[in-house]
Asker: 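Would you mind keeping the following structure in view while I ask a few things?
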Protein chains: 4
Amino acid sequence: MAEKKTERDDAEPADRADVNTRVRRSKEAVLTVTLRLMFEEGIGGVSVDEVARRSGVAKTTIYRHWPSRSALLVDACSRLSSKPEVPDTGSLRGDLAALAGRLAEQLETARWPTVLPSMIDAAERDPEIAATYARLRSGFSSPYGPVIERARKRGEVARTQDVSEVVAAIVGPLFYRRWFSREPLDKKFVKGVIDGTLARLKPKI
Amino acid sequence: MAEKKTERDDAEPADRADVNTRVRRSKEAVLTVTLRLMFEEGIGGVSVDEVARRSGVAKTTIYRHWPSRSALLVDACSRLSSKPEVPDTGSLRGDLAALAGRLAEQLETARWPTVLPSMIDAAERDPEIAATYARLRSGFSSPYGPVIERARKRGEVARTQDVSEVVAAIVGPLFYRRWFSREPLDKKFVKGVIDGTLARLKPKI
Amino acid sequence: MAEKKTERDDAEPADRADVNTRVRRSKEAVLTVTLRLMFEEGIGGVSVDEVARRSGVAKTTIYRHWPSRSALLVDACSRLSSKPEVPDTGSLRGDLAALAGRLAEQLETARWPTVLPSMIDAAERDPEIAATYARLRSGFSSPYGPVIERARKRGEVARTQDVSEVVAAIVGPLFYRRWFSREPLDKKFVKGVIDGTLARLKPKI
Amino acid sequence: MAEKKTERDDAEPADRADVNTRVRRSKEAVLTVTLRLMFEEGIGGVSVDEVARRSGVAKTTIYRHWPSRSALLVDACSRLSSKPEVPDTGSLRGDLAALAGRLAEQLETARWPTVLPSMIDAAERDPEIAATYARLRSGFSSPYGPVIERARKRGEVARTQDVSEVVAAIVGPLFYRRWFSREPLDKKFVKGVIDGTLARLKPKI
DNA sequence: CAGTAAACGAGACGGTACGTCCCGTCTTATG
DNA sequence: CATAAGACGGGACGTACCGTCTCGTTTACTG
């Protein structure tokens with residue numbers, strides 16, 4: 001799905017079906033191998049030569065579709081995006097717990113957190129990667145908007161509360177545990193984060 | 001063997017003066033250039049050849065002191081550690097504000113945050129780098145222990161409160177802003193983080 | 001196969017007018033560009049891609065008409081052949097002087113001598129090119145036969161004289177100057193060659 | 001021998017023995033393979049990658065010693081030079097016959113004639129190769145000077161006779177047979193060339 | 001104060017990867 | 001059916017860097 005969109009994005013003029021078929025096949029093979037390599041050995045371990053070797057796609061062809069190794073990585077990374085649905089449990093606590101729980105679980109089990117630091121690092125210097133990263137990032141912060149909005153309507157949150165601060169208050173500590181401390185992301189910790197955030201959000205009477 | 005001695009040189013003042021002198025001179029020159037390169041072009045821009053070229057120290061010598069490019073980077077990064085003093089303003093809020101304010105400032109102005117993601121990424125796979133990184137990390141989390149302890153004595157914090165959760169609650173959102181959301185780390189945001197944390201720490205009566 | 005047909009197209013007027021027209025147009029365009037490229041940058045500078053680019057003829061089409069880059073070059077070169085008329089000045093000296101003078105002039109001013117070494121080189125290994133080259137070569141040696149024959153009738157040349165040796169005696173030194181010694185092909189030199197050859201041809205009384 | 005000189009030419013400062021040893025070994029291996037390839041498949045068949053593969057010398061190292069494929073070829077070709085001794089049979093005819101006979105034999109059996117057209121072609125555009133070629137060329141024309149000079153002293157040749165014309169008169173037809181006609185370089189032909197040249201050189205009484 | 005062992009410089013070397021150019025094949029749509 | 005358009009696998013080019021490996025040359029302590 002994400003991939004299809006990518007294809008379309010790339011070939012805006014819609015070209016001709018057959019060409020797209022061949023192109024898609026190549027790109028698919030290349031991106032698959034790229035992601036595999038990325039997960040196995042990190043972004044640094046992805047070399048165009050190796051991708052060519054493993055995918056059976058000629059290096060020339062790879063460079064026909066992506067102007068540089070970097071561009072290939074960006075494209076591959078853009079496949080990582082997970083589009084979480086917005087939970088609706090009826091209460092702010094329930095919604096936040098669902099979001100935080102899901103994130104905590106992903107941080108521990110999914111493969112994309114392995115790669116994220118590489119991206120952040122690359123984004124520090126490469127604006128193109130930065131853009132991709134921004135898109136990826138908005139993926140896991142987007143559900144918070146609707147959740148807070150609903151809570152506002154229910155009177156659980158002050159009208160003035162900034163959403164991005166809530167996101168930071170929940171996602172921040174989780175990410176911190178994952179990358180900056182290396183302590184476990186257990187239920188107790190996640191509950192603490194939610195409790196803290198809720199305590200903070202409690203509307204002043 | 002050479003390595004072992006090198007290690008010792010680093011940790012302890014001196015074994016044999018002469019050796020230390022020459023070794024130190026070389027290492028110093030190399031590390032200086034390495035850091036400069038790192039800040040200029042990121043970790044990716046640090047190549048042993050370039051370091052040798054700029055520092056005037058032969059590549060051979062560099063490899064005599066560090067077993068790999070990676071090790072050199074780690075060593076250079078370890079110089080970045082800032083050992084923050086423990087603030088003592090008399091109140092928990094004051095102490096946390098001091099710590100958070102200092103960190104926020106550093107995140108925006110200091111040069112080491114530029115490099116951190118590279119380290120985290122490398123740490124994801126290289127245990128040696130992971131160790132160095134852990135040491136570095138403990139630098140900015142260590143002052144929280146004493147601060148919380150004092151607050152506990154003053155009755156501002158429940159006895160059961162886990163320090164690492166407090167660190168996560170404060171440092172987490174700050175880091176999040178720096179690397180994951182790129183929104184400004186302004187005073188308002190920092191104050192929000194402190195408020196939220198305090199709200200959470202408030203001992204249940 | 002394609003070649004055979006191509007050959008026929010060249011030799012005969014038309015099977016089906018329209019087809020021949022299109023084929024001829026393509027071939028014409030391709031060969032023109034090929035020759036231009038050849039003269040501009042030498043045989044090494046002729047790449048099928050570049051010919052396609054400049055001529056507007058698709059690479060596919062080029063390969064339909066010529067099985068390889070090499071074949072294209074050969075074909076292009078074969079256009080270089082100049083069919084010199086047989087001079088008839090009344091004397092052997094006059095005839096040979098005319099032939100040698102013309103050749104000397106061409107060697108210095110015409111564009112095909114630039115390319116000849118490439119062909120010779122290629123001919124060293126590629127029999128197809130060798131054949132084309134032979135055809136080309138026979139072009140400038142053919143007039144010597146009639147000239148010598150006439151001289152024989154006039155008694156200027158011994159009956160036993162081998163024509164090919166005369167050709168070698170005249171063309172050889174000229175070519176030598178052009179490619180092997182790079183000294184100028186001036187009138188004096190050409191006259192010397194003719195004198196030498198005549199001295200040699202003088203029939204023993 | 002030729003090789004030794006080359007080495008010395010390359011490393012004028014005489015450097016250090018061991019380094020030269022290593023360098024010489026590499027260069028030797030590379031040049032040997034290069035020449036082999038050149039004879040097998042012509043200059044066009046020499047690729048740096050292939051040379052690296054066959055010689056076991058890394059491509060990097062090859063490029064350390066020669067700035068380009070072209071330079072490598074030039075160097076390899078310079079090994080082809082045969083330094084013919086100046087014959088002294090007592091008569092001009094004998095000397096020329098010796099020289100021409102030797103050349104005719106080489107043209108048919110030696111390996112360098114295989115490569116010469118490639119060189120001439122390359123020389124047409126590359127001045128560096130042109131220089132090497134000039135050096136090579138002077139190799140087989142140099143003995144004619146002394147031979148003619150001696151003949152002059154014996155009164156066999158006019159004082160005004162230009163040496164280069166003699167060279168052209170002998171070498172020219174031989175080369176012509178080799179590369180431009182493809183007829184055999186038999187004894188009869190060589191004798192004819194010598195006779196013709198002598199007829200021409202006979203001093204006017 | 002000479003001898004010695006380390007640290008050092010210089011740089012050759014094999015190797016992997018980069019990104020580019022060209023070759024010749026192929027597939028499909030268009031006239 | 002010739003053609004335009006262009007993707008594709010493959011090979012070579014020349015460059016940058018990695019980490020290894022000689023070798024001779026300081027340098028400063030020791031005997």
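Here the structure is a predicted model, which means the values were calculated and not measured.
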Asker: Give a yes/no on whether any side-chain N or O of D/Thr61 is located under 4.0 angstrom from OP1 or OP2 of E/dG14.
Answerer: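 Result: yes.
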Asker: Could you tell me whether C/Glu50 and C/Arg53 make a salt bridge, using a distance below 4.0 angstrom between a side-chain N and a carboxylate O?
Answerer: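 So C/Glu50 pairs with C/Arg53 through a salt bridge.
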Asker: With a 4.5 Å cut-off on side-chain heavy atoms, are D/Arg79 and D/Leu31 touching?
Answerer: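 The answer is yes; the side chains approach within 4.5 Å.
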Asker: Residues of residues 47-55 of chain A with any non-hydrogen atom less than 4.0 angstrom from an atom of DNA chain F: list those, numerically ordered, please.
Answerer: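 Nothing qualifies; none.
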Asker: Measure from OH on D/Tyr63 to C1' on F/dA12 and round the result to the nearest Å.
Answerer: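 Whole-Å distance recorded here is 8 Å.
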Asker: If you assign each of B/Val57 and D/Lys59 to its closest nucleotide in DNA chain E, which residue comes earlier from the 5' end?
Answerer: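 Between the two, 5'-proximity favours B/Val57.
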Asker: Looking at A/Val51, A/Val115, A/Leu35, A/Val33, which hits side-chain contact (heavy atoms from CB on, under 4.5 Å) with A/Val46?
Answerer: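 That would be A/Val51; it is the only one of A/Val51, A/Val115, A/Leu35, A/Val33 passing the side-chain contact (heavy atoms from CB on, under 4.5 Å) with A/Val46.
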Asker: Heavy atoms from C-beta onward define the side chain here; which of E/dC18, F/dG6, E/dG15 lies closest to that of D/Ala58?
Answerer: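 When the side chain of D/Ala58 is considered, E/dG15 is the closest of E/dC18, F/dG6, E/dG15.
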Asker: Can you tell me how far C1' of E/dT20 sits from CZ of A/Arg64, to the nearest Å?
Answerer: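 Going from A/Arg64 (CZ) to E/dT20 (C1'), I get 11 Å.
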Asker: Do D/Trp66 and D/Val30 have side chains that get closer than 4.5 Å, going by heavy atoms?
Answerer: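 Heavy-atom side-chain distance check passes, below 4.5 Å.
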Asker: Kindly compute the distance separating OG1 (B/Thr61) from CZ (B/Arg25), expressed to the nearest 0.5 Å.
Answerer: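 B/Thr61 OG1 to B/Arg25 CZ: 13.5 Å, rounded to 0.5 Å.
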Asker: Rounded to whole angstrom units, what separation is found between the CH2 atom of B/Trp66 and the P atom of F/dT20?
Answerer: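 The answer, rounded to whole Å, is 15 Å.
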Asker: Let me know the distance between CD1 of D/Ile62 and P of E/dG15, rounded to the nearest Å.
Answerer: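 So the two atoms are 12 Å apart, to the nearest Å.
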Asker: If you assign each of A/Arg69 and D/Ser26 to its closest nucleotide in DNA chain E, which residue comes earlier from the 5' end?
Answerer: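 Nearest nucleotide further toward 5': that of D/Ser26.
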Asker: Without decimals, in angstroms, what is the distance between A/Leu72 CG and E/dG19 C1'?
Answerer: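 Checked: the CG to C1' distance equals 13 Å.
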Asker: Given side chains that start at C-beta, do those of A/Ser78 and A/Asp75 come closer than 4.5 Å, heavy atoms only?
Answerer: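 They are in contact (side-chain heavy atoms under 4.5 Å apart), so the answer is yes.
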Asker: Can you tell me if the side-chain N/O atoms of B/His65 get under 4.0 Å from OP1 or OP2 in E/dA7?
Answerer: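 So the side-chain polar atoms of B/His65 never come under 4.0 Å of the phosphate oxygens OP1 or OP2 of E/dA7.
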Asker: Within this structure, what is the CZ-to-P distance between B/Arg24 and F/dT27, rounded to whole angstrom?
Answerer: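 From B/Arg24 CZ to F/dT27 P: 17 Å.
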Asker: Ignoring hydrogens and geometry beyond distance, is a side-chain donor-acceptor pair present between D/Arg24 and D/Thr21 at under 3.5 Å?
Answerer: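 The criterion, which ignores hydrogens and geometry beyond distance, is not satisfied for D/Thr21 and D/Arg24.
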Asker: To the nearest angstrom, how far is D/Arg22 atom CZ from F/dT20 atom P?
Answerer: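 My rounded result for the distance is 15 Å.
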Asker: State whether the distance check finds a donor on one side and an acceptor on the other, under 3.5 Å, for side chain A/Thr60 versus base F/dG10.
Answerer: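 Donor-acceptor pair under 3.5 Å: yes.
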Asker: In whole angstrom, give the distance that lies between atom CZ of C/Arg25 and atom P of F/dA4.
Answerer: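 Between P of F/dA4 and CZ of C/Arg25: 11 Å.
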